[in-house]
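Written out below as structure tokens is the structure these notes cover.
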Amino acid sequence: MLIRYLSQIGKYFLMLKEVFNKPTKWSVMKGLIFKEIDDLVIDSLGIVAFISFFVGGVVSIQTALNLTNPLIPKYLIGFATRQSVILEFAPTFISVIMAGKMGSFITSSIGTMRVTEQIDALEVMGVNSLNYLVFPKIIALLLYPFVIGIAMFLGILGGWMAGVYGGFTSSVEFIQGLQSEFIPFHIAYAFIKTIVFAMILATIPSFHGYYMKGGALEVGKASTVAFVWTSVVIILANYILTQLLLAK
Amino acid sequence: MIEVKNLEKSFGDSKVLKGITTTFETGKTNLIIGQSGSGKTVLLKSLLGIHTPDKGTISFDGRIYSDLTDDERRELRTEIGMVFQGSALFDSMTVEENVGFPLKMFTTKTPAEIKERVDIVIERVKLIDANHKKPSEISGGMQKRVAIARAIVNNPKYLFCDEPNSGLDPKTAIVIDNLIQEITQEYNITTVINTHDMNSVMEIGEKIVFLKQGILAWEGSKKDIFKTDNEAIVDFVYSSNLFKKIRKAQNKEEI
Ligand SMILES: Nc1ncnc2c1ncn2[C@@H]1O[C@H](COP(=O)(O)OP(=O)(O)OP(=O)(O)O)[C@@H](O)[C@H]1O
Ligand SMILES: [Mg+2]
């Protein structure tokens, strides 16, 4: 069991090495990158915006409802919304959702190419199929921090709207909360996480699609397995990075 | 000419190819036949370098594959065309883009030159009105034609086909078989075809290699098949009553 996991991990890193080997012609690669940006990044914006806005709102309402002690200042609502959205919700929670959305898209599209021998066809022609398929995804996901930036903005906006229009706090108090005890390093921490998660999102689902065996049914199973592993690795990486970057 | 010497390949404990020695000749349609599971696909994929053989050598007109450097292998692969069992067309691309793909990847041709060459091969395989369709929008027989067009677009010296007519009706199957044979002769290609379709054997079997459980059990031409006493091949071919009758009739004619 343990040996199997270790050999999978080894295979994963060998795959990464191969991805950067023997690159595809730039004129072809350019087109592939734009297509991946469209499929992975642009296509996710809608759902990310929707979730961020409403979850931000919920965080704000929940905080407000839990502030029953009149000694605790109202501006804490804005403060708590900012902290939870920037530190955890936008980078981590959205990434786990993206492990489902982008991840299953990546695994099933590469997996289908595997079972229909399209990957063999690439290899036979002399194309480095890993570079051809995975490299453009990695490059496209360099834009992932923008997605998370949007999630942060909309999460806080949602919190502000829910707080102010729900009558839990005033706009002035909320904004005072947003500005209080601001630690710039928290932003850096959030974006370091985001970059790491982007690489996980691009490569682990690719790994599961690329090395799958079987037919159409197994493509579905591989997508599920890929989702589980991608989220597990994101959560573990989150824990490790938080320990490394924030703990004193 | 492709020469195979003593080729062995195992997966885990199961030995799939048990020492295959044969040659596939230039300008001819060479057929690999045998029951399902006899190792045809594994042999073909070993020739292609998708599987690495455990033992033995494969040489392409004197170039021994295992002795080549990575660059030389890549070079060799641009001389190979392959038609996969399920066509393996790229489903995100149109027919035209599929056929032009090897040129776009491996030549310095301009888009206009690519278009010109693509039009020539698409016409050669008699595909009509399909240039801008996606593979999912055309029939299985048309997909096979696209796959053949893609395989020959870069003027290959070697053409491999894994069951090119599986899943096709008998009439279309023969059209595809004949197309492959014509192209083989026209461009003097070394063509290797996997099949378990006896119609193909009778139609285009210029050289036939019969595999049985990973062993080369018989080889010869389609004419030889009627004369041989080799039990394994007789058993395989005459599992069909029709061919039993043909064999009888043929043998009478000879006497
Ligand atoms: N990648 C692989 N890993 C493990 N075993 C394999 C692999 N590929 C093929 N085999 C085994 O090798 C044997 C021969 O398979 P192969 O696909 O060559 O048969 P075939 O003659 O092409 O059959 P068919 O006519 O059904 O296509 C089978 O027993 C198969 O299970
Ligand atoms: Mg086969």
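- More than 12 heavy atoms of other residues, nucleotides or ligands sit less than 6.0 Å from atom NZ of A:Lys11.
- Looking at B:Leu76, neither its backbone nor its side chain comes within 4.5 Å of chain A, counting heavy atoms on both sides.
- A distance-only check finds no donor-acceptor pair linking the side chain of B:Arg77 to the backbone of A:Val127 [under 3.5 Å].
- Considering only residues two or more places apart in sequence or on other chains, B:Glu137 meets the salt bridge (charged side-chain N to carboxylate O under 4.0 Å, His left out) condition with none of them.
- Looking at B:Arg73, neither its backbone nor its side chain comes within 4.5 Å of chain A, counting heavy atoms on both sides.
- By the neighbour-count criterion of 12 heavy atoms within 6.0 Å, atom NZ of B:Lys55 is sparsely surrounded, having that number or fewer from other residues, nucleotides or ligands.
- The closest side-chain heavy-atom distance from A:Val124 to B:Phe160 is not below 4.5 Å.
- Here B:Lys45 pairs with A:Glu117 in a salt bridge; the nearest charged N to carboxylate O distance falls below 4.0 Å.
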Evaluation steps, side chain to side chain contact (heavy atoms under 4.5 Å, CB included), between B:Phe90 and A:Met113: CA-CA 8 Å; B:Phe90 302 121; A:Met113 291 188 72; 4.2 Å; yes
Intermediate values then yes/no, ring-ring contact (aromatic ring centres under 6.0 Å, His included), A:Tyr132 and B:Phe101: CA-CA 13 Å; A:Tyr132 183 88; B:Phe101 184 80; 5.7 Å; yes
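- Rounding to the nearest 0.5 angstrom, the gap separating the OG1 atom in A:Thr116 from the CG atom in B:Asp91 is 6.0 Å.
- Heavy-atom neighbours of B:Tyr187 OH from other residues, nucleotides or ligands within 6.0 Å: above the threshold of 12.
- The backbone N or O of A:Ser27 sits nowhere less than 3.5 Å from a side-chain atom of B:Lys104 that would complete a donor-acceptor pair.
- More than 12 heavy atoms of other residues, nucleotides or ligands sit less than 6.0 Å from atom NZ of B:Lys18.
- Interatomic distance, A:Met125 CE to B:Met82 CE, rounded to the nearest 0.5 Å: 10.5 Å.
- With a 6.0 Å radius and a threshold of 12 heavy atoms from other residues, nucleotides or ligands, B:Gln35 has its CD atom at or below the threshold.
- In this structure, no portion of B:Glu79 lies under 4.5 Å from any heavy atom of chain A.
- Once rounded to the nearest 0.5 Å, the distance linking CE of B:Met105 with CG of A:Leu122 reads 7.5 Å.
- For A:Leu244, the CG atom is densely surrounded, since the number of other residues' heavy atoms within 6.0 Å is greater than 12.
- Atom NZ of residue A:Lys25 and atom OG1 of residue B:Thr107 lie 5.5 Å apart, to the nearest 0.5 angstrom.
- With a 6.0 Å radius and a threshold of 12 heavy atoms from other residues, nucleotides or ligands, A:Lys101 has its NZ atom above the threshold.
- Around the CE atom of B:Met1, the shell of radius 6.0 Å holds no more than 12 heavy atoms that belong to other residues, nucleotides or ligands.
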